[in-house]
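Both ligands and their constituent atoms are indexed starting at 1 by order of listing.
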Amino acid sequence: MGLASDHACGARSTCAGDASGRGEFVNAALEVQALRKHFGGSEIIRGLSLDVRDGERHAVIGPNGAGKSTLFHLISGLLKPTAGSVRLHGREIAGLAPHEINRQGLSRSFQITTIFPRMTVFENLRISAMARHGSRYGLLRFASRQSAVNADAEQLLELVRLVPLRDKLAGNLTYSEQRALEIGMALGPGGDVILLDEPTAGMSNDESLYIVDLVRRVTQGKTLLVIEHDMEVVFRLADRISVLVYGQIIATDAPEAIRANAQVQEAYLGEEIE
Ligand code: ADP
Ligand code: MG
């Protein structure tokens with residue numbers, strides 16, 4: 001593995017060391033530098049760099065097969081990079097296991113729904129909330145851990161507005177309700193950087209608007225990195241947009257500037273914007 005060494009500060013970030021000597025980014029919640037991923041002979045992520053500011057809602061758009069989901073797998077630890085660096089609040093996380101990255105404050109959802117269909121809505125949220133209370137509660141009695149987990153699950157239930165569906169089997173929810181549940185589950189571990197992969201995929205206009213409203217609400221005060229194919233959703237949701245084409249970010253800017261960007265238009269020439 002050609003992973004970059006654990007520098008305290010990235011070259012392109014404002015950086016302030018603290019008393020412990022641990023570097024901290026003033027602005028970057030997430031910083032990806034020169035990231036590469038090969039699958040056999042083909043390079044899918046080709047020296048990709050991306051900065052996500054603390055507290056912003058940042059969308060990644062790009063054609064099908066550009067490498068968007070692969071990028072999320074690399075950031076969240078599901079895949080290990082071939083080379084490059086990923087820093088979360090200034091700490092190197094490239095190559096760590098998903099649960100370690102999760103523990104450092106990054107949560108994610110998947111492009112394909114990953115709820116437990118034979119469990120109730122509440123039980124699904126309980127399972128995701130357990131991650132927040134893992135070993136830290138090791139010395140407390142079982143009962144107090146249980147009640148902390150239950151309290152978190154109740155809070156999540158209210159946050160994603162699924163209280164009336166509390167005891168329904170997740171498999172019996174509508175598609176958009178399942179996505180709402182899944183977003184709730186992504187929040188369960190308590191991370192402050194949230195990655196959502198196409199939260200409105202396969203939805204009608206009304207369903208999309210419901211999810212956009214939900215995502216806006218639940219990510220208040222957090223940092224959001226979202227892959228999104230629906231341009232209306234992107235423009236409603238994102239403070240900044242990065243365009244991923246053929247394994248590289250070719251532009252990052254505010255929505256209006258991205259819309260007007262000639263390079264972006266050229267990359268999409270003859271292709272529907274995803
Ligand atoms: P996007 O999410 O932008 O549509 P993906 O990241 O899913 O694109 O895929 C990018 C490319 O990487 C595609 O050509 C896909 O076939 C390839 N790819 C993704 N995962 C693997 C894998 N595990 N092994 C081999 N090729 C893969
Ligand atoms: Mg994808």
- Note on the structure: If we number the atoms of ligand 1 from 1 as shown, the ones under 4.0 Å from a heavy atom of Asn64 are 4 (O)
- Task: Please confirm whether Ala66 comes within less than 3.5 Å of ligand 1 when only nitrogen or oxygen atoms on both sides are compared.
- Result: yes
Show me the side-chain donor-acceptor pairs of residues 200-213 shorter than 3.5 Å, one per line, residues at least two apart or across chains.
{"from": "Thr200", "atom 1": "OG1", "to": "Glu228", "atom 2": "OE1", "distance (Å)": "3.2"}
{"from": "Thr200", "atom 1": "OG1", "to": "Glu228", "atom 2": "OE2", "distance (Å)": "2.7"}
{"from": "Ser204", "atom 1": "OG", "to": "Glu207", "atom 2": "N", "distance (Å)": "3.3"}
{"from": "Ser204", "atom 1": "OG", "to": "Glu207", "atom 2": "OE1", "distance (Å)": "3.4"}
{"from": "Glu207", "atom 1": "OE1", "to": "Ser204", "atom 2": "N", "distance (Å)": "2.9"}
{"from": "Ser208", "atom 1": "OG", "to": "Ser204", "atom 2": "O", "distance (Å)": "3.2"}

- Query: Is there a donor-acceptor contact under 3.5 Å from the side chain of Arg118 to the main chain of Leu169?
  - Reply: no
- Item | Short N or O distance, Gly67 and ligand 1, threshold 3.5 Å exclusive | yes
- Query: N/O to N/O below 3.5 Å, does that happen between Gly65 and ligand 1?
  - Reply: yes
- Query: Do Arg161 and Glu177 touch side chain to side chain, with heavy atoms closer than 4.5 Å?
  - Reply: no
- Query: Do Arg259 and Met231 come close enough that some side-chain heavy atom pair is under 4.5 Å?
  - Reply: no
- Message: Within this structure, what is the NZ-CD1 distance for the pair Lys68 and Ile45, rounded to the nearest 0.5 Å?
- Response: 10.0 Å
- N/O/S from Ser69 sitting under 2.8 Å away from the Mg ion (ligand 2): yes
- Under-4.0 Å heavy-atom contact with ligand 1, by part of Thr70 that carries it: both
